[in-house]
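Per chain, numbering begins at 1; letters A, B, ... match sequence-line order.
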Amino acid sequence: MNRSAIDLWVGVFVTMGIAAVFFMALKVGNLSSFNSAPGYLLEARFHNIGGLKARAPIKSSGVRVGRVESIALDTESYEAVVTLRIEEKFSFTRDTIASILTSGLLGEQYIGLDAGGDPTMLKTGERIAKTQDAFVMEKLIGQFMFNKAAEGGGGK
Amino acid sequence: MTETTDDLVVLRELAFAYGERQVLHDINLRIPRGKVVGIMGGSGCGKTTILRLIGGQLRASMGEVRVAGEVVAELDRDRLYALRRKIGMLFQFGALFTDMTVFDNVAFPMREHTELPEEVIRDLVLLKLHAVGLRGAAQLRPSELSGGMARRVALARAISLDPMLVMYDEPFAGLDPISLGVVGQLIRRLNDALGITSVVVTHDVYESLKIVDYLYFISDGRVVASGTPAEVRSSTMPFVHQFVNGEPDGPVPFHYPALPLTEELMYAEPG
Amino acid sequence: MPSQAESGLAWWLRRVGGTVVDAIVRLGYASRFAAAVLTHSGSAFRRFPLTLREIYFAGVLSLVIIIVSGTFVGMVLGLQGYDVLERYGSSEALGVLVSLSLVRELGPVVAALLFASRAGSAITAEIGLMKATEQLSAMEMMAVDPIARVVAPRFWGGVISMPILGLLFSTMGIFGGYLVGVKLIGIDAGAFWGQMQSAVDFQRDILNGVVKSLVFGAAVCLIAVFEGYDAPPTAEGVSGATTRTVVASSLAILGLDFILTVFMFRGLGL
């Protein structure tokens, strides 16, 4: 095996490695929305975030517009403070509603943004005022039972 | 012989042990410049150890080794490597690099230690291979060579940097009579033509008596006799006599130390 | 008899103690050797063709086994994963299951195990035989340091090859999962890739997998060159060293995998 043949094969090998990195980055991992991509930060407060995690997607009408940057707890109000990183090209109105939703029955949780009609747009660092908490199965069931009981009581 | 500056290698009161096992005791020997010196002894008597001590691969537990006036054990790594560049060594079975061709084997020391352009290296390698008669085998692989040819390639590699000293570790082991003669003659001819000094460690008395200038006999880790080939041939010392004539028993016993046979057979208990 | 039991116990204790001391001595020697390999690594990069040659032997020659095994592992994951996911009606998540298992665990680990038995054992056998045939000794006598000339390029050649092999294993595995899931079973291709993309994170999953590969590669290559360099210069010595390379590398890979997983994924709230 002479030098140039070895060079050729190692070249092929490394090229395959680079191709694999690209495949991983674009097709598998979707690097196009990598979190270090520039964007602006918004804040939203929730009473309950359910199973939301940092780096969860943020979607508007099903289209991904950003990712959850971080999650913290405000120790005075005991609210979850979620920082959202929104891609530069998307802007949202001041009366946007942020809600924590679940994709599918067993899917991961994400934040959905529904824009309103306010003419002013949210700027970096501002807070989304209207939020809707994650739905928690136990609470929902509890509420349902309570309603049923109340209905039953009313019917009597 | 008295010690003079003509001696390239001097071993003085040298002792060496592998762990508990004492291999060499109180070795004194001198290798004069320009001569072929043989070191003889039975198998496993510490001959190869002497070569490794000269090359600085092992350190003596007592005494000193001087090569070209320098005490080998006191050299730091860089100076030891500088010294080794001036020493060629032929290993027992050649120790050719099996992943390279004959040509690359001989070129190896030049490529590692010189900045010579590839055309110059090519010419030099072909000259060295020509000197051992194997110019035509340059593109063969070590696995395609016979034992004698491999030995000659290793010899070409050993002299590739024009060393001042070449050490041969059992250069005759396992060769047919023709190859034996060829290798023996090469050692002598290269020594005289290139003005180098040679140390030949061997147990082949017959072949080495034909080529060496001086001989040391080693037994049980000690120098037991020495002399020129003529002195050795006429020696009456029992050890030398036994060695030169190849007698099975004598000062070197046939039997490994053991109880007398009758005793062992009579009284040995099973278990 | 009590005296006999005592002496038996003493003998046993001495044996255990001796084994432990031997192991510690060997570990110390191996660490010193590792330090020597690292300090003599300059030549592996200054004379890169030497390392290139080893990338060829360790990396390129392992390609076939890596690609074939990767594809089959991915296909099996596709079948098994579909069987389980279908029970919960979320067979579209097959892409997520296949890609995450491969990228995080199976790719780095299985590729490293294959690499240890394919390339690691070859490195040990080669260095061990070079030692047994006095080639290393001859090099030393030619004033060439065998650690810099023989050991370091093999070490770095393997360390460079390993992440590439791990990535190729995962890639082929995902392709195998795609073949089974989309082409054979008929899951929607858009759902397969789309769910995968939203679940796999480049940094947390893919880069961590590459880091794992690098660590495994370094461990396997270090064990391989050490066992070769330390092998007794006999036929049994070299064969024993080759076996030890495969066994020790496999254990090291699995042990390190656990440690790395704890560091990488526990810290991220998983």
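Annotation for C:I253 and C:A116: closest pair CD1-CB, 4.4 Å, computed over non-hydrogen atoms.
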Between chain C and chain B, which donor-acceptor pairs sit under 3.5 Å apart?
{"residue": "B:R52", "atom": "NH1", "partner": "C:S137", "partner atom": "OG", "Å": "2.8"}
{"residue": "B:R52", "atom": "NH2", "partner": "C:E134", "partner atom": "OE2", "Å": "2.9"}
{"residue": "B:Q57", "atom": "NE2", "partner": "C:S137", "partner atom": "O", "Å": "3.2"}
{"residue": "B:Q57", "atom": "NE2", "partner": "C:S137", "partner atom": "OG", "Å": "3.2"}
{"residue": "B:Q57", "atom": "NE2", "partner": "C:E140", "partner atom": "OE1", "Å": "3.1"}
{"residue": "B:R77", "atom": "NH1", "partner": "C:D145", "partner atom": "OD2", "Å": "2.9"}
{"residue": "B:R77", "atom": "NH2", "partner": "C:D145", "partner atom": "OD2", "Å": "3.4"}
{"residue": "B:R84", "atom": "NH1", "partner": "C:E140", "partner atom": "O", "Å": "2.9"}
{"residue": "B:L96", "atom": "O", "partner": "C:Q135", "partner atom": "NE2", "Å": "3.4"}
{"residue": "B:T98", "atom": "N", "partner": "C:Q135", "partner atom": "OE1", "Å": "3.3"}
{"residue": "B:T98", "atom": "OG1", "partner": "C:Q135", "partner atom": "NE2", "Å": "3.2"}
{"residue": "B:D99", "atom": "OD2", "partner": "C:R53", "partner atom": "NH2", "Å": "3.3"}
{"residue": "B:E112", "atom": "OE1", "partner": "C:R47", "partner atom": "NH1", "Å": "2.9"}
{"residue": "B:E112", "atom": "OE2", "partner": "C:R47", "partner atom": "NH1", "Å": "3.1"}
{"residue": "B:E112", "atom": "OE2", "partner": "C:R47", "partner atom": "NH2", "Å": "3.1"}
{"residue": "B:E112", "atom": "OE2", "partner": "C:R149", "partner atom": "NE", "Å": "2.6"}
{"residue": "B:H113", "atom": "NE2", "partner": "C:M142", "partner atom": "O", "Å": "2.6"}

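Taking 4.5 Å as the limit, some side-chain heavy atom of C:I127 sits within range of a side-chain heavy atom of C:L136. B:I27 has its side chain out of reach of B:Y216: every pair of non-hydrogen atoms, C-beta onward, lies at least 4.5 Å apart.
Crowding of C:F175 atom CZ: a count of heavy atoms from other residues, nucleotides or ligands under 6.0 Å not exceeding 12. The environment of C:F45 atom CZ is dense: over 12 non-hydrogen atoms of other residues, nucleotides or ligands sit within 6.0 angstrom.
B:E144 pairs by the side-chain hydrogen bond (donor to acceptor under 3.5 Å, both in side chains) definition with nothing, not counting sequence neighbours.
Of the listed residues (B:L96, B:L161, B:L83), the one with the most heavy-atom contacts under 4.5 Å to chain C is B:L96.
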